[in-house]
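Take a look at the structure set out below.
Proteins come first, then strands; the chains are lettered A, B, ... in the order of their sequence lines, and each starts at number 1. This structure is a prediction, so every number in the text was calculated from the model and none was measured.
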Amino acid sequence: MPGDPTIHHTSDLRGSDGASEGASSLVVILVGAPGSGKSTFCDDVMAAARRPWVRVCQDVVANGKQGTKSQCITSASAALEEGKSVFIDRCNLEQEQRADFVRLRKVQVDVHAVVLDLPAQLCISRSVKRTGHEGKLQGGRAAMVVNRMLQKKELPNLTEGFSRITFCQNESDVKEAVKTYSQLGPSDILSAGVFGQKNKEAKVQLGIMKFLKKIDKPDFDASGKDSTPVGNLPHDTASIQTSVTSTCSMELEKNKEDLRNSNSKCPSQRSLIGDSSMDFVHTLAFPSISTADFQFDLKLASEIIVDCVSDFLQRFDNIRLVLVDLSEKSKILSLVRERSANKHIDSSKFFTFVGDITQLHTRGNLRCNVIANAANWRLKPGGGGVNAAIFKVAGESLQIATKKCADILSPGSSVVVPLPSNSPLHSRERVTHVIHVVGPNMNPQRPNCLNNDYVEGCKVLRNAYSSLFANFASILENQSKTDSKRHVSAISSTHVEGTTITSSPDSDQMAKQEAQSNPDRNKKSKVFATSGASKDKSIVMNDNHGHTPCNENTGNLMSSASLGDAVDENRRHAKVTKRSWGAWAQALHEIALNPEKHQNVVMEKSDDYVVLNDMYPKAKKHVLVVSRLQGLDSLSDVRKEHLSLLKTMHSAGLKWTRMFLKEDASLMFRLGYHVVPSMRQLHLHVISQDFDSPRLQNKKHWNSFNTSFFRDSTDLIQEIEKHGVANINDDESLLKMELRCHRCRSAHPNIPRLKSHIALCKASLPASLLDNDRLVSASPKG
DNA sequence: GTTCTAGAAC
DNA sequence: GTTCTAGAAC
């Protein structure tokens with residue numbers, strides 16, 4: 001072990017004796033300045049490794065070229081999926097730079113840090129001397145860069161989410177660490193904690209790791225009661241090493257399954273979550289999401305439920321999850337029971353329950369402090385089923401409390417609402433929190449259903465449960481913080497050692513405390529499920545993505561709400577609220593309404609539309625067909641009555657493509673609309689697919705034409721014919737997606753590189769563009 | 001929509 | 001140090 005190579009090294013490296021179901025993968029985040037030897041460390045470990053490793057290096061992640069952080073995350077996730085362990089080989093000197101990689105942690109995936117904290121002088125001299133460095137950082141300027149970076153250095157801390165941190169401060173430390181990791185067999189597990197840190201002053205905060213059950217509590221008394229306030233945890237590295245390699249810890253890691261099934265075997269196994277009295281177990285009761293009104297396939301749903309439950313239970317002790325349904329004959333309950341038994345899930349931690357979720361305590365004699373609601377996207381009472389029942393029993397106070405937390409909820413996400421104590425659900429049923437969840441809709445009788453797209457549906461349903469459980473955990477975490485604060489204050493005021501606080505705080509009080517510890521929680525927000533593999537939905541749930549309030553942007557509200565009676569609601573809503581447009585967004589509106597004043601730019605004019613060149617073309621050919629109908633500003637305003645206008649505009653666009661193709665037969669075109677237009681007045685983009693233009697300058701430009709932010713005119717016409725309204729996903733995070741070539745789908749770190757690539761890429765455009773006449777070219781379907 | 005610019009990343 | 005992004009202002 002670095003710093004003290006002999007201590008605990010043998011016990012440090014332990015096999016799991018085949019007890020675990022599968023090998024645990026590792027994410028090892030290297031932390032160090034350029035020249036600290038990160039790549040060499042990876043190479044040395046991988047040369048002698050006893051498990052499969054993948055090195056993810058930002059300098060080469062994009063097909064051998066420098067890539068982006070999100071590409072690194074994608075690449076790391078892919079390696080983990082394959083059961084490989086991953087080195088994150090980038091500087092990672094600041095906490096923020098590490099955070100996204102720490103989020104790769106999940107069941108069967110631990111995240112470690114290896115800090116190559118070598119003398120700055122050494123790093124600099126190595127950086128200056130080297131040649132052919134992947135990151136092109138070498139020679140004279142290296143010294144300055146390394147110095148600057150080291151000034152910002154933030155050494156990693158367990159509270160960031162690492163289960164193990166190894167500090168290396170000299171070559172022999174590095175050698176030891178290389179040995180430790182290279183000897184790690186496929187199912188071996190390294191013990192948790194901080195190793196090799198010389199600085200005794202360094203604070204070690206273990207609260208979060210305890211919460212995540214990733215490390216043992218370093219100190220507990222013989223009675224097994226948690227008597228050590230966080231502030232009293234040993235800061236001395238040696239004592240941490242001793243505690244994490246105790247017999248109890250060995251058992252814990254050797255056979256997690258056995259220990260999960262028995263709280264009594266190892267006192268330290270008891271989680272410190274929430275209620276410190278052991279007679280109450282935090283319990284979340286939840287209905288099956290999406291399988292009633294939204295008609296999600298029961299078998300698939302049962303698989304997802306059990307998988308998500310199983311994942312979650314591996315992380316937490318002293319909690320219970322209960323799936324509730326009204327009828328004994330419930331198919332979903334029996335499917336879940338069957339699958340759960342097959343997966344050997346501890347039935348004391350997860351079980352099904354027949355009864356009314358609003359009367360579990362009084363009628364069912366089942367104490368559940370948190371219940372989930374299968375909510376609608378508007379978070380409104382009414383409708384039917386569980387949602388109506390919960391709002392009815394909880395009374396108006398739940399509506400008010402909900403309004404304080406969120407406006408709307410998108411499928412796949414959830415929001416926690418602390419239940420005021422005056423709610424009957426709180427006083428009678430002892431429920432302190434309701435978590436509203438929205439799942440995917442598979443019911444064709446409802447607008448915007450997923451049309452049997454079970455790939456997307458399963459993804460959304462998984463997200464819904466992950467979000468629900470993570471939010472349940474967040475309640476416990478907040479309560480745990482509250483308890484631990486109280487605990488500390490109790491000890492300091494009375495000096496009675498070992499006192500445990502058994503009172504459960506009033507939820508109003510707790511809500512206030514929560515608001516203090518998490519200011520965003522009570523912020524009124526829309527809650528959107530984020531898309532993109534790099535984001536961990538289960539971690540950030542109450543994320544306000546910066547969308548404008550509903551009354552300022554009808555379009556935004558409309559299509560983000562893609563469920564149930566969203567369309568009707570928006571029609572009503574659209575009548576009373578209109579999006580406001582900035583002065584700069586009025587240009588097309590002005591031209592469309594007064595084309596005679598703009599003869600210099602108008603190339604064609606009819607009663608229905610005008611055609612003009614886009615003032616800032618994003619390709620060789622880029623024209624706009626602008627509707628002249630007043631009040632029709634964007635796709636979200638389009639209804640069946642506009643169908644013929646849309647068709648007329650499409651024909652006009654096609655006419656112009658034919659003219660362009662006569663000039664240059666190699667061009668290919670798409671005709672479509674931006675889901676959220678920047679300029680007022682409905683306008684159709686006719687754009688050649690070369691994207692060869694100096695005006696294409698940023699990510700937003702690219703993604704607005706190369707993600708589902710761009711909707712093909714033909715598809716929209718079809719949708720409006722069928723449903724009377726366009727099915728649009730206006731998630732503006734689409735505009736921030738990684739940059740991918742529209743031909744070969746390769747990812748690129750920035751716009752200049754993407755542009756160099758697309759200038760050369762000879763791959764065909766995706767086959768999907770050949771469907772439904774989305775692509776217009778000189779030789780049809782070519 | 002663009003332009004400007006601070007600051008992130010290396 | 002340079003390159004590039006992303007947010008503010010218009």
Side-chain angles (χ1 to χ4, degrees), chain A residues 30-36 38-39 57-62 65-73 88-101 123-124 126-128 130 133-154 545-548 579-591 601 612-618 622 624 626 633-634 673-683 685 687 693-705 709-710 732-733 735-739 748-756:
Chain A
L30 277 305
V31 176
S36 59
K38 299 184 294 296
S39 301
C57 173
Q58 190 154 343
D59 292 332
V60 293
V61 74
K65 293 179 183 171
Q66 194 169 57
T68 60
K69 192 173 169 188
S70 64
Q71 285 172 312
C72 292
I73 292 162
I88 306 296
D89 179 4
R90 60 204 288 283
C91 296
N92 298 310
L93 285 170
E94 291 168 56
Q95 184 174 339
E96 203 177 310
Q97 293 162 351
R98 297 186 287 263
D100 287 337
F101 297 100
C123 300
I124 291 168
R126 281 178 184 166
S127 306
V128 172
R130 67 187 169 189
H133 177 234
E134 288 160 340
K136 309 280 184 294
L137 186 69
Q138 59 196 45
R141 77 188 182 99
M144 199 180 306
V145 171
V146 172
N147 263 320
R148 276 173 191 238
M149 288 174 79
L150 285 174
Q151 278 167 20
K152 291 184 184 172
K153 179 177 75 175
E154 295 167 353
H545 290 233
H547 289 260
T548 47
R579 170 175 167 180
S580 63
W581 301 87
W584 50 262
Q586 304 287 348
L588 296 179
H589 177 71
E590 161 62 22
I591 295 169
V601 294
L612 53 145
N613 272 319
D614 192 298
M615 205 186 293
Y616 300 96
K618 305 301 185 294
H622 184 184
L624 303 177
V626 188
D633 287 332
S634 72
Y673 298 82
H674 284 156
V675 165
V676 180
S678 296
M679 307 281 278
R680 181 179 180 190
Q681 202 68 20
L682 185 72
H683 54 280
H685 289 269
I687 185 164
S693 164
R695 285 295 177 176
L696 198 153
Q697 293 170 336
N698 60 44
K699 197 174 230 185
K700 185 175 175 179
H701 291 158
W702 179 258
N703 283 333
S704 73
F705 289 101
F709 192 87
F710 184 85
E732 292 190 58
S733 66
L735 297 173
K736 293 180 178 169
M737 279 170 69
E738 61 184 357
L739 296 166
H748 299 269
N750 53 48
I751 286 288
R753 298 227 195 168
L754 172 75
K755 290 182 78 171
S756 323

Kindly assign one of parallel, tilted or perpendicular to the pair A/Phe705 and A/Phe710, based on the angle between their ring planes and the thresholds 30° and 60°.
tilted
Please give me the minimum heavy-atom distance between A/Ile751 and A/Trp702, naming the atom from each residue.
CD1-CB, 4.1 Å
CG of A/Asn698 versus P of C/dC4: gap in Å, rounded?
13 Å
Side-chain N or O of A/Gln58 less than 4.0 angstrom from OP1 or OP2 on B/dC10?
yes
How many Å lie between CD on A/Glu94 and C1' on B/dG7, as a whole number?
11 Å
Identified side-chain contact (heavy atoms from CB on, under 4.5 Å) counterpart of A/Leu588 within the set A/Met679, A/Arg680, A/Met615
A/Met679
Between C/dA6, B/dA9, B/dT3, which one does the side chain of A/Lys699 approach most closely?
C/dA6
With the side chain defined as heavy atoms from C-beta on, A/Asn750 is closest, among C/dG7, C/dC4, B/dT2, to C/dC4
Can you see if the side chain of A/Arg695 gets near the phosphate of B/dT3 - specifically, an N or O under 4.0 Å from OP1 or OP2?
yes
What is the distance from CD of A/Glu738 to P of C/dT5, rounded to the nearest Å?
14 Å
Using the side-chain heavy atoms of A/Lys618, tell me which of these nucleotides is nearest: B/dT2, C/dA6, C/dG7.
B/dT2
Nearest whole angstrom, please: distance from the C1' of C/dT5 to the CG of A/Leu735.
14 Å
Is A/His683 touching bases, backbone alone, or none of the nucleic acid, heavy atoms closer than 4.0 Å?
nothing
By the definition side-chain contact (heavy atoms from CB on, under 4.5 Å), identify the one residue from A/Asp614, A/Leu624, A/Asp633 that meets it with A/His683.
A/Leu624
A/Trp584 CH2 to B/dC4 P, in whole Å, measures 17 Å
Does a nitrogen or oxygen in the side chain of A/Gln97 sit under 4.0 Å from OP1 or OP2 of B/dA9?
yes
Rounding to an integer number of Å, can you tell me how far A/Met679 CE sits from C/dC10 C1'?
13 Å
Closest heavy-atom contact between A/Gln95 and A/Glu154?
N-OE1, 2.7 Å
Rounded distance in Å - CZ (A/Phe101) to C1' (B/dA9)
12 Å
From the set C/dC10, C/dC4, B/dT2, return the single nucleotide nearest to any side-chain atom of A/Pro752.
C/dC4
A/Met615 CE to B/dT2 P, straight-line distance once rounded to whole Å:
10 Å
